[in-house]
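Report on the structure given below.
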There are 2 protein chains.
Amino acid sequence: MENTLFDFIAKYISLTEEEKKVLLSLDLFRSVKKGTTLLEKGQRSKDSYFVLKGCIRIYYIIDGEEKTTAFYTEMDVLTPHCVIHKAPSEYFISCVEDSILTVSNSDMEAEVNSKFPKFEIMCRMLSEELLAKQQLDFDEFKTSSPEQRYLNLLQKRPDLLHRVPQYQLASFLGIKPQSLSRLRARILEK
Amino acid sequence: MENTLFDFIAKYISLTEEEKKVLLSLDLFRSVKKGTTLLEKGQRSKDSYFVLKGCIRIYYIIDGEEKTTAFYTEMDVLTPHCVIHKAPSEYFISCVEDSILTVSNSDMEAEVNSKFPKFEIMCRMLSEELLAKQQLDFDEFKTSSPEQRYLNLLQKRPDLLHRVPQYQLASFLGIKPQSLSRLRARILEK
DNA sequence: CTTATTTCTTAACTTAAGTGAACGAGTTGT
DNA sequence: ACAACTCGTTCACTTAAGTTAAGAAATAAG
């Protein structure tokens, strides 16, 4: 479990044993049950998440309807908008499966970053990388139809289709659950 | 012009006169004519852009059709995906209007960052902020209809509607130019 | 095990976006 | 000044997503 975290970090910087100890002393690991709400709309949380195992999602409630816009699975990092912009959260975060996460708050991160410039560098690299990747995802979404998006998801994150309820997948693809059902039936006919 | 840049930087860190001189000595400013292509698909560029004046866009060519997915105007920063991932670019970048930009390459940035940790911090803050903001934009796109997206753009970036050709706006909104025309006519009837 | 609740699918109908084509306005180039 | 081209709009038609509703299947609760 610790190793999953250290392997992830190793993609960006190399840590000494000392530094690893410091990290572990922060007591970051959390087990979270399926269905748990990690962040509510309106809250001013400072917590960021790294998924070691399991799956969490971002969702909105718009006109009384749940709209899931993002899923985070193994090795994904999620820093909520409200943490960065110090404003009440526009969305909810909840646990799709029983999960193991690291939870770190921004004050703590600021302290670690100032003590170990390495971490600052890692954070910069990571967020630059995520920004560029998300840009591509957004572009792909804009330039394709719901059916193409579904087929694309089938290629890129096939696990999601089984791990996650259809109605959450539907809004993730920007459509209604009924449309997703129909779309899948249409594809099978071919 | 230099002041626009320094004002932007001042939102994140404070610079000494010395540091400002170093920045200016890098000769970052460029004037670019409307229609100029800054980045071509397939290129392995290392250049990032900051828009002081004017407008640039990202576009793809898919099945022979131009698909514009993003516009960058005054005070916007653009680091192309290929710079971060060191891979050939998937998209083009071109100048929508005569523009004034700063152009900086990633080697230079790495050097500045290592000499002035302040810059490293600024880059981290900036990309975290952009990532969180883009996440919200993406969410809003997913959860709304083309018409809602258009009305939303009318609120948030009304200037774009006049600065940019309709067919580019259409793909930016995820639809065809004909649909945008129709949609606007529909709104006017109300 | 049975009941209740949630989730998924199907269907009929409505609405809006995609498609192909035509036309006029504006621009560019010769 | 004229032809060529680009861009925006409109129209008729096709296709797919939204909506409303009902029923089947799977899950959770008693």
Side-chain angles (χ1 to χ4, degrees), chain A residues 33-37 55 57 59-69 71 92 94-98 141-154 160-190, chain B residues 33-37 55 57 59-69 71 92 94-98 141-154 160-190:
Chain A
K33 281 266 165 240
K34 175 176 175 173
T36 309
T37 298
C55 178
R57 68 177 173 126
Y59 69 96
Y60 294 75
I61 294 183
I62 298 174
D63 301 331
E65 294 221 328
E66 246 186 47
K67 305 265 189 178
T68 299
T69 57
F71 296 103
F92 299 77
S94 89
C95 234
V96 177
E97 302 171 344
D98 291 353
F141 193 94
K142 274 187 180 173
T143 57
S144 56
S145 66
E147 183 168 327
Q148 288 173 315
R149 280 175 222 150
Y150 175 80
L151 292 171
N152 195 47
L153 194 66
L154 206 63
L160 265 193
L161 301 181
H162 307 294
R163 297 173 78 168
V164 155
Q166 300 290 317
Y167 74 95
Q168 291 175 15
L169 266 183
S171 56
F172 181 69
L173 294 170
I175 57 177
K176 303 278 159 174
Q178 299 93 317
S179 299
L180 178 55
S181 264
R182 178 170 42 197
L183 181 159
R184 298 176 69 196
R186 200 165 63 219
I187 290 171
L188 279 179
E189 277 181 10
K190 296 177 186 173
Chain B
K33 282 268 165 237
K34 175 176 173 173
T36 310
T37 298
C55 178
R57 67 177 173 125
Y59 70 96
Y60 295 74
I61 294 183
I62 299 174
D63 300 330
E65 293 222 328
E66 246 186 47
K67 305 266 188 176
T68 299
T69 56
F71 296 103
F92 299 78
S94 89
C95 234
V96 177
E97 302 171 343
D98 290 352
F141 193 95
K142 275 187 181 173
T143 57
S144 56
S145 67
E147 183 169 327
Q148 287 172 316
R149 279 175 222 151
Y150 176 80
L151 292 171
N152 194 46
L153 193 66
L154 206 62
L160 265 193
L161 302 181
H162 307 294
R163 297 173 78 168
V164 155
Q166 298 290 317
Y167 73 97
Q168 290 176 16
L169 266 183
S171 55
F172 180 69
L173 293 170
I175 58 178
K176 304 278 159 173
Q178 298 95 315
S179 299
L180 178 55
S181 264
R182 178 170 41 198
L183 179 159
R184 298 176 69 195
R186 200 166 62 220
I187 290 171
L188 279 179
E189 277 179 11
K190 296 176 188 174

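Reminder, nothing fancy here: chain letters follow the sequence lines and each chain counts from 1. Keep in mind it's a predicted model, so treat the numbers as computed, not measured.
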Send over the distance from [X] [atom1] to [N] [atom2], rounded to a whole Å.
{"X": "A:Lys34", "N": "D:dA28", "atom1": "NZ", "atom2": "C1'", "answer": "10 Å"}
{"X": "A:Tyr150", "N": "D:dA16", "atom1": "OH", "atom2": "P", "answer": "16 Å"}
{"X": "A:Arg186", "N": "C:dT9", "atom1": "CZ", "atom2": "C1'", "answer": "15 Å"}
{"X": "B:Arg184", "N": "C:dA16", "atom1": "CZ", "atom2": "P", "answer": "18 Å"}
{"X": "A:Gln148", "N": "D:dA17", "atom1": "CD", "atom2": "P", "answer": "11 Å"}
{"X": "B:Lys176", "N": "C:dA21", "atom1": "NZ", "atom2": "C1'", "answer": "16 Å"}
{"X": "A:Gln178", "N": "D:dG23", "atom1": "CD", "atom2": "P", "answer": "16 Å"}
{"X": "B:Leu180", "N": "D:dT10", "atom1": "CG", "atom2": "P", "answer": "12 Å"}

Among [options], the one nearest [X] by side-chain distance:
{"X": "A:Ala185", "options": "D:dA17, C:dT10, D:dG8", "result": "C:dT10"}
{"X": "A:Gln166", "options": "C:dC8, D:dT9, C:dA17", "result": "C:dC8"}
{"X": "A:Ile175", "options": "D:dA17, C:dC8, C:dA17", "result": "D:dA17"}
{"X": "A:Tyr167", "options": "C:dT10, C:dT7, D:dA17", "result": "C:dT7"}

**Asked** Would a distance-only check, ignoring hydrogens and angles, find a side-chain to backbone donor-acceptor pair under 3.5 Å from A:Thr68 to A:Ser171?
**Response** no
**Short side-chain N/O contact to C:dT10 OP1/OP2 from A:Ser181, under 4.0 Å** =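 No.
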**Request:** Please report the shortest heavy-atom distance between A:Lys67 and A:Ile62, naming the atom on each side.
**Result:**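 Residues A:Lys67 and A:Ile62, closest heavy atoms: CG-CD1, 4.1 Å.
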Just wondering, do [Y] and [X] contact through their side chains at under 4.5 Å, heavy atoms?
{"X": "A:Gln168", "Y": "A:Tyr59", "value": "no"}
{"X": "B:Arg163", "Y": "B:Val96", "value": "no"}
{"X": "A:Glu97", "Y": "A:Cys55", "value": "yes"}

**Side-chain donor/acceptor of B:Arg182 to base of C:dG18, under 3.5 Å** =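 Yes, the side chain and the base share a sub-3.5 Å donor-acceptor pair.
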